[in-house]
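Because the structure is a prediction, the values reported are computed rather than measured. Here is how names work: the chains are called A, B, and so on, in the same order as the sequence lines, proteins then strands, and each is numbered from 1.
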Amino acid sequence: MKRILITSALPYINGIKHLGNLVGSQLPADVYARFMRAKGHEVAFICATDEHGTPAELAAIDNNTSTEEYCEKMWQVQKDLSEKFFLSFDFFGRSSSPSNHELTKQFALQLNKNGLLKRVEEKQLFSKEDNRFLPDRYVIGTCPECSYERARGDQCENCTRQLEASELINPRSVLSGSKNLELIKTDHLYLMQSKLKDKLLAWIESKNNWPIITTSIAKKWLLDGEGLQDRSITRDLKWGIAVEKDGRPWEGMENKVFYVWFDAPIAYIASTLDWATSKKQHPEYWKTWWLDDHGAKDVHYVQFMAKDNIPFHTLSFPATLLGAKQSWKLVDYIKGFNWLTYEGGKFSTSQKRGVFMNQAIDLFPSDYWRWWLLSNAPENADSDFTWTSFQSCINKDLADVLGNFVSRLAKFAASKFGEAIPKGSKYTNEEFEAISEIEKIFKDYNDAMTKIEIRKATSHLRKIWSKGNEYLQRSQPWMKIKTNEAEAAKIVRFGFNLMLFYSEISEPFIPETCLKIKSCVGKSKDSVEWSFFKDDFETIFERVKFGAKFKPLQNLFKKIDNKEALDLEKRFAGTDD
RNA sequence: GGGGGGUUAGCUCAGUUGGUUAGAGCAGAGCGCUCAUAACGCUUUGGUCACAGGUUCGAGUCCUGUACCCCCUACCA
């Protein structure tokens, strides 16, 4: 048994996430967590909301509430949604938790002690009317390059030039429109990542099994131009983790908070701590996951994220961990994802384009989404969500191949043998052949899952499902029932065992459906450990009890017809403005 | 400008360290079955593997160049 630590990139608190966010980290992480648990490993699957920063403050203002209340509310919303999608986090924490405040400050202190922080003077635009410093993207003005009048402080959308907010002509606040802006000198703490460059490079280069995209992005940042740049880890904001030293203000850093990208990854650790506390574990327990000298050396740590997060997870966060020099656990494997697009374009929150988690779950059961998203996960390239693809995938894979298999079997059994599972004769070559075919594909499936090859795994799984239909077609219980009832009963018995097996191995992908199937064949909801499977593959198809009552299932999956798909396409096309 | 990824059947994609007739699902065609959500099974039609060169006994697979798409990143007047 191994110990597996799994973290999924932290969803930002500001609003409900869309399908692209879901498939980019949380969902595949959930599949992996469920798989690893099924294999009998000890799993800590940790996630949290990322709550600090300006967007959270502004969203709170829009909602006429305090930032604290807004975050509290949205954390609950996101947590509830994650449960509706059957995301099996062991703990869903918050980056604003007291433990994260504590840990973040400790990290800063430790980095400072190790000579890795320095103070740098910057100039930031301050808006008197808004009474706040304006991050670059909250300033608009005329582009010095192309004279576009609505250029943002970080980049001009018109000519794509990268800008400094101070370069803008006639700058004004995005928030209030005020032109009463003042360029003010302000000091910030910088993490001297450049000093850790060699260590980071050596570490990255030791990871020869990582996907090219991950290491190439990391190396690019490490080696290009002047190499890894030092980064500011503080901001002039109210909402966040106060920059303090031993409970007292850090001199020169009064009224500042840590940059959200500094404290957010630390929330992985803080949430593990909060999880341990909530489970009333020993106070040192969380350290067995995070500190090499407390046992974390044996932990296999896997992170899931979309590609935009890769630099932070390959460089910034490791720099924090390495720089602290306290034997912190570094990630062992990073699973990065590309983007999910929507009908050929981008998902857009502002234009309401695409499908968001709350809308999705109101339309179809979680497994519909899980199955489509996972079997089309943007692993090697961006992938595109279309309603046509969704419709065909759900109807074909779930309704026709899996759903219909369960349905035809259960209904046949109920009509010929009543609602109890019949015994019948012994298995013969027909069954053994099916078993050996399935065992072969299961091995491939297991391999793909181990390597976190999500799409590949779904196609193997689908192939295993269709073996059920192939078997029924070959054995023809509807003919046998006329001449040899014991034979027909055997086929039904084997069919039910297949159902049970399916419900176990499909659980990482479609957990809600698997619970239904499992309860139909009279099994408890406890998940079975796959480790059992390798002992004797044949015996796993003799576990359904004869005579056990079963409840015939309603159709597991309702098909999506053309009209419905078309309506949805129109409804979610978004606004054009 | 620099870097990375991509370009394989009508569509979505697999193709292991280069090795014989390039695979899957969907869609199309034909046949079979009738237990089942008009579901299922079997068979089958589709490919100058973006293009042009090169290395090799042999290249979808390695090298060079070109075209197009996506992403990251830097910037002159």
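Counting only residues at least two apart or on different chains, the salt bridge (Lys or Arg N to Asp or Glu O under 4.0 Å) pairs with a member in residues 18-31 of chain A are A:Asp30-A:Arg34, A:Asp30-A:Arg370.
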Under the rule of Watson-Crick or G-U wobble with both distances under 3.5 Å, where | means paired to another strand and [ ] a crossing pair, RNA chain B maps to (((((((..((((.....[...)))).(((((.......))))).....(((((..]....))))))))))))....

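For A:Asn429, the CG atom sits in a loose shell: 12 or fewer heavy atoms of surrounding residues, nucleotides or ligands are nearer than 6.0 Å.
In this model, the phosphate group of B:rA39 is approached by a side-chain N or O of A:Lys559 to a distance below 4.0 Å at OP1 or OP2. Phosphate proximity of B:rA39 to A:Asn555: absent, as no side-chain N or O sits under 4.0 Å from OP1 or OP2.
At whole-Å resolution of the value, CD1 in A:Ile491 and C1' in B:rA36 are 15 Å apart. For A:Glu437 and B:rG41, the CD to P distance is 13 Å, given to the nearest whole Å.
With no hydrogens or angles considered, no side-chain donor-acceptor pair links A:Ser436 and A:Glu433 at under 3.5 Å. Between the side chains of A:Glu430 and A:Ser475, no donor-acceptor pair of N or O atoms lies under 3.5 Å. Checked by atom type, the side-chain pair A:Asn562/A:Gln391 shows a donor-acceptor distance below 3.5 Å. Using modelled atom types, one finds no donor on one side chain facing an acceptor on the other under 3.5 Å when comparing A:Thr314 with A:Lys207. Looking only at atom types and distance, the side chain of A:Trp465 has a donor-acceptor partner in the side chain of A:Ser506 under 3.5 Å away.
Closest to the A:Arg455 side chain, of the nucleotides B:rC13, B:rA14, B:rU34, is B:rC13.
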Can you give each donor-acceptor pair under 3.5 Å made by side-chain atoms of residues 412-424 of chain A, sequence neighbours left out, with the distance rounded to 0.1 Å?
residue  : atom : partner  : partner atom : Å
A:Ser415 : OG   : A:Lys411 : O            : 3.4
A:Ser415 : OG   : A:Phe412 : O            : 3.1

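Evaluation of the salt bridge (charged side-chain N to carboxylate O under 4.0 Å, His left out) rule for A:Lys482 yields no partner, not counting sequence neighbours.
Within residues 391-412 of chain A, the residues approaching RNA chain B are A:Ser392, A:Lys396, A:Ala399, A:Asp400, A:Gly403, A:Asn404, A:Ser407, A:Arg408, A:Lys411, A:Phe412, by heavy-atom distance under 4.0 Å. Near RNA chain B, defined here as any heavy-atom distance below 4.0 Å, the residues from residues 467-475 of chain A are A:Asn469, A:Glu470, A:Gln473, listed numerically.
Using bins of under 30°, 30° to 60° and over 60° for the plane-to-plane angle, the ring pair A:Phe364/A:Trp387 lands in the tilted bin.
A cation-pi arrangement is present between A:Lys335 and A:Phe337 under the rule of less than 6.0 angstrom and at most 45 degrees off the ring axis.
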